[in-house]
> 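Before I ask anything, let me first share the structure, which is written out below as structure tokens.
Per chain, numbering begins at 1; letters A, B, ... match sequence-line order.
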There are 2 protein chains.
Amino acid sequence: MVKPQLRISESTIHRLSIYYRALNRLERENYETISSKELAKREKLTPAQVRKDLSFFGSFGTRGLGYPVTELRDKIAEILGINRSWSVALVGVGNIGSALVSYKEFQKQGFRIRKIFDNDQRKIGSNHKGIIVSDADDIVTELRDSKIEIVVIAVPSLVAQMIVDDVVRAGIKAILNFAPINLKVPDDVYLRNENMAMELEYLSFSLCNDEAQL
Amino acid sequence: MVKPQLRISESTIHRLSIYYRALNRLERENYETISSKELAKREKLTPAQVRKDLSFFGSFGTRGLGYPVTELRDKIAEILGINRSWSVALVGVGNIGSALVSYKEFQKQGFRIRKIFDNDQRKIGSNHKGIIVSDADDIVTELRDSKIEIVVIAVPSLVAQMIVDDVVRAGIKAILNFAPINLKVPDDVYLRNENMAMELEYLSFSLCNDEAQL
DNA sequence: CTGCGGTTGTGAAACGTTTCACAACAAATA
DNA sequence: TATTTGTTGTGAAACGTTTCACAACCGCAG
């Protein structure tokens with residue numbers, strides 16, 4: 001079903017996420033099928049782009065009709081690997097960490113936070129949405145024997161590399177990092193960075209170069 | 001100093017953000033100059049990319065020596081428009097909103113949250129880091145006569161379009177949206193989306209397609 | 001069964017970004 | 001001054017992504 005990989009670009013994967021959400025909305029609006037034209041219009045993309053993105057993984061549409069909404073949504077979920085649930089651990093329950101524990105969108109897509117770590121004695125042992133915060137010093141041992149597949153890092157930049165080293169040592173292969181720093185990980189570990197200030201900086205740049213841009 | 005714009009790509013701007021942070025660290029480590037080679041190595045980029053990115057805006061380096069750390073940092077701050085402070089309003093003090101109010105990285109780069117809105121009666125009037133939460137119904141009037149330049153939207157998807165319409169009506173030209181939905185804004189308004197689930201989905205995809213990728 | 005309007009899937013063209021490769025130059029050394 | 005080492009700035013090549021354009025096909029109407 002899912003075609004042999006011929007190196008899918010990052011942009012394509014990100015657009016799949018977008019299509020996934022759009023299709024969920026369409027389903028709620030009782031659409032049965034959707035054309036690449038309309039889907040593109042809704043998400044400010046081009047029809048050709050929608051079709052090409054999907055064609056990397058198979059042919060899911062019907063000529064003359066478009067794509068079946070629910071079926072395509074499920075297909076994309078399968079491609080992205082969100083047709084299942086993932087066990088996630090969170091390191092750091094400061095501002096951002098706490099927000100993530102309650103972030104509905106994670107849960108909705110099957111990302112379940114099952115362990116929380118912090119190095120602040122006042123937080124260790126406390127309860128966040130039913131999870132007892134563990135000591136960050138125990139990361140390696142606690143993760144090694146767990147079923148955790150993805151670790152989210154929401155600690156200050158200064159300690160982030162230390163934490164990530166532990167996480168790698170525990171055998172974790174996928175890390176989402178919120179610290180605004182470039183972490184070093186071995187080649188076989190997937191690392192993604194989420195830096196919320198960067199988008200604000202982009203806005204700042206846009207405002208400063210206004211008339212030139214549009 | 002800053003060259004005539006010849007359409008700078010999004011990736012280049014994002015890398016400028018990265019250089020900016022790297023240079024700050026280098027300054028703290030007492031580097032006086034840095035070569036494109038070393039800077040690239042630190043941030044897992046290529047030297048040519050560093051040089052080309054910078055060359056769009058001028059020539060800041062010295063052949064044989066490299067780039068002066070502090071001077072280049074300041075130059076990039078000027079290009080990105082973060083050598084000043086920006087007045088920001090936040091709409092929605094739920095999980096994410098509250099985290100953003102205390103998010104140090106925003107303040108550090110000159111993004112100052114000066115107004116907060118919410119539509120929850122229990123939150124209106126409450127105090128977040130010295131700011132009294134206003135009624136979201138008053139967004140248009142409150143923003144119109146304010147000095148707010150950027151609005152951050154951290155409300156549920158269902159109400160996000162309504163809020164953004166008000167924000168646009170108030171004359172705001174730059175919006176950072178955390179709701180996982182594609183908002184519609186006029187062409188002259190800059191809109192950026194921050195979707196934290198998307199990066200997790202990317203990790204999920206990577207794990208599912210592991211052996212094929214690396 | 002034929003023809004028509006609509007839409008997909010995809011090779012090829014167009015476009016954009018990254019990498020290469022080297023002339024130009026700075027500093028240091030002799 | 002001449003030579004060597006090191007690094008920038010940049011045009012051009014290589015590469016990657018997006019857009020174009022159209023054959024193939026679906027459903028429907030006559």
Side-chain angles (χ1 to χ4, degrees), chain A residues 1-19 22-23 26 31-69 71-73 75-76 79 202 213-214, chain B residues 1-19 22-23 26 31-69 71-73 75-76 79 202 205 213:
Chain A
M1 222 68 28
V2 171
K3 270 195 196 172
Q5 305 296 341
L6 55 150
R7 199 44 148 289
I8 305 301
S9 82
E10 188 168 316
S11 337
T12 293
I13 302 304
H14 273 135
R15 283 193 298 270
L16 286 186
S17 293
I18 293 172
Y19 303 149
L23 289 163
L26 286 164
Y31 280 68
E32 302 227 319
T33 61
I34 182 87
S35 65
S36 59
K37 192 174 160 191
E38 173 126 2
L39 181 52
K41 195 177 143 207
R42 288 190 160 225
E43 300 299 321
K44 283 230 219 47
L45 300 165
T46 70
Q49 194 156 54
V50 172
R51 295 200 300 275
K52 177 125 309 194
D53 283 339
L54 295 174
S55 79
F56 289 134
F57 300 96
S59 63
F60 309 119
T62 310
R63 291 162 205 245
L65 269 186
Y67 299 90
V69 171
E71 211 179 300
L72 181 59
R73 193 265 320 266
K75 215 70 199 156
I76 291 178
I79 294 165
Y202 196 97
Q213 291 233 347
L214 219 205
Chain B
M1 222 52 36
V2 171
K3 270 196 195 170
Q5 305 295 341
L6 53 150
R7 198 47 148 289
I8 306 300
S9 82
E10 189 168 316
S11 337
T12 292
I13 302 303
H14 273 136
R15 281 192 299 269
L16 286 185
S17 294
I18 292 172
Y19 304 149
L23 289 163
L26 286 164
Y31 279 69
E32 302 226 320
T33 60
I34 181 87
S35 65
S36 58
K37 191 173 160 191
E38 173 126 2
L39 182 52
K41 194 177 143 208
R42 288 190 161 226
E43 299 299 320
K44 282 230 222 47
L45 300 164
T46 71
Q49 194 156 55
V50 172
R51 295 201 300 275
K52 174 117 325 184
D53 283 339
L54 295 174
S55 79
F56 290 135
F57 300 97
S59 61
F60 308 120
T62 309
R63 288 160 207 247
L65 270 186
Y67 300 90
V69 171
E71 210 180 301
L72 181 58
R73 192 265 320 266
K75 214 69 200 157
I76 292 178
I79 294 164
Y202 196 98
F205 172 81
Q213 291 232 347

> For L39(A) and A22(A), which heavy atoms make the closest approach, and how far apart are they?
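The pair with the smallest heavy-atom distance is CD1-CB, 3.7 Å.
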> Do any N or O atoms of the protein come closer than 3.5 Å to N or O atoms of nucleotides 17-20 of chain C, and which pairs are they?
from    : atom 1 : to     : atom 2 : distance (Å)
dT18(C) : OP1    : R15(B) : NH1    : 3.1
dT18(C) : OP2    : R15(B) : NH2    : 2.9
dT18(C) : O5'    : Q49(B) : NE2    : 3.4
dT19(C) : OP2    : T46(B) : OG1    : 3.1

> Could you go step by step and tell me if L45(B) and Y19(B) meet the side-chain contact (heavy atoms from CB on, under 4.5 Å) rule?
CA-CA 10 Å; L45(B) 300 164; Y19(B) 304 149; 3.7 Å; yes
> Tabulate atom names and distances for all N/O pairs under 3.5 angstrom spanning the protein and nucleotides 25-29 of chain C.
from    : atom 1 : to     : atom 2 : distance (Å)
dA26(C) : O4'    : R63(B) : O      : 3.0

> I34(A) CD1 to dT7(C) P: how many Å, rounded?
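It works out to 10 Å between those atoms.
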> Report yes if at least one side-chain N or O of S36(A) is closer than 4.0 Å to OP1 or OP2 of dT7(C); otherwise report no.
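No, outside the criterion.
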> Looking at F56(B), is R15(B) sitting on its ring face, NZ or CZ under 6.0 Å from the six-membered ring centre and within 45 degrees of the normal?
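No cation-pi geometry.
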> Is D53(B) close to V50(B) at the side-chain level, that is, under 4.5 Å between some pair of heavy atoms?
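Of all side-chain heavy-atom pairs linking D53(B) with V50(B), none is under 4.5 Å.
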> Could you check how far NZ of K37(A) sits from C1' of dG6(C), rounded to whole Å?
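After rounding, the reported distance stands at 9 Å.
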> Taking atom P of dG6(C) as reference, at what distance in whole Å does atom CG of L39(A) sit?
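Rounded to whole Å, this separation is 19 Å.
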> Any non-hydrogen side-chain atom of L26(A) less than 4.5 Å from a side-chain atom of E38(A)?
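SC-SC contact between L26(A) and E38(A) ruled out.
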> Can you check whether Y67(B) has a side-chain N or O nearer than 4.0 Å to OP1 or OP2 of dG6(D)?
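Y67(B) to dG6(D) OP1/OP2: no side-chain N or O under 4.0 Å.
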> Tell me the closest heavy-atom pair linking P47(B) and A40(B), and the distance in Å.
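Shortest heavy-atom contact: N-CB, 3.4 Å.
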> May I ask you to test the E71(B)-F60(B) pair for a side-chain heavy-atom distance under 4.5 Å?
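E71(B) vs F60(B): side chains apart.
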> Please work out whether the ring planes of F205(B) and F57(A) are parallel, tilted or perpendicular, with thresholds of 30° and 60°.
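Perpendicular: the ring planes of F205(B) and F57(A) meet at over 60°.
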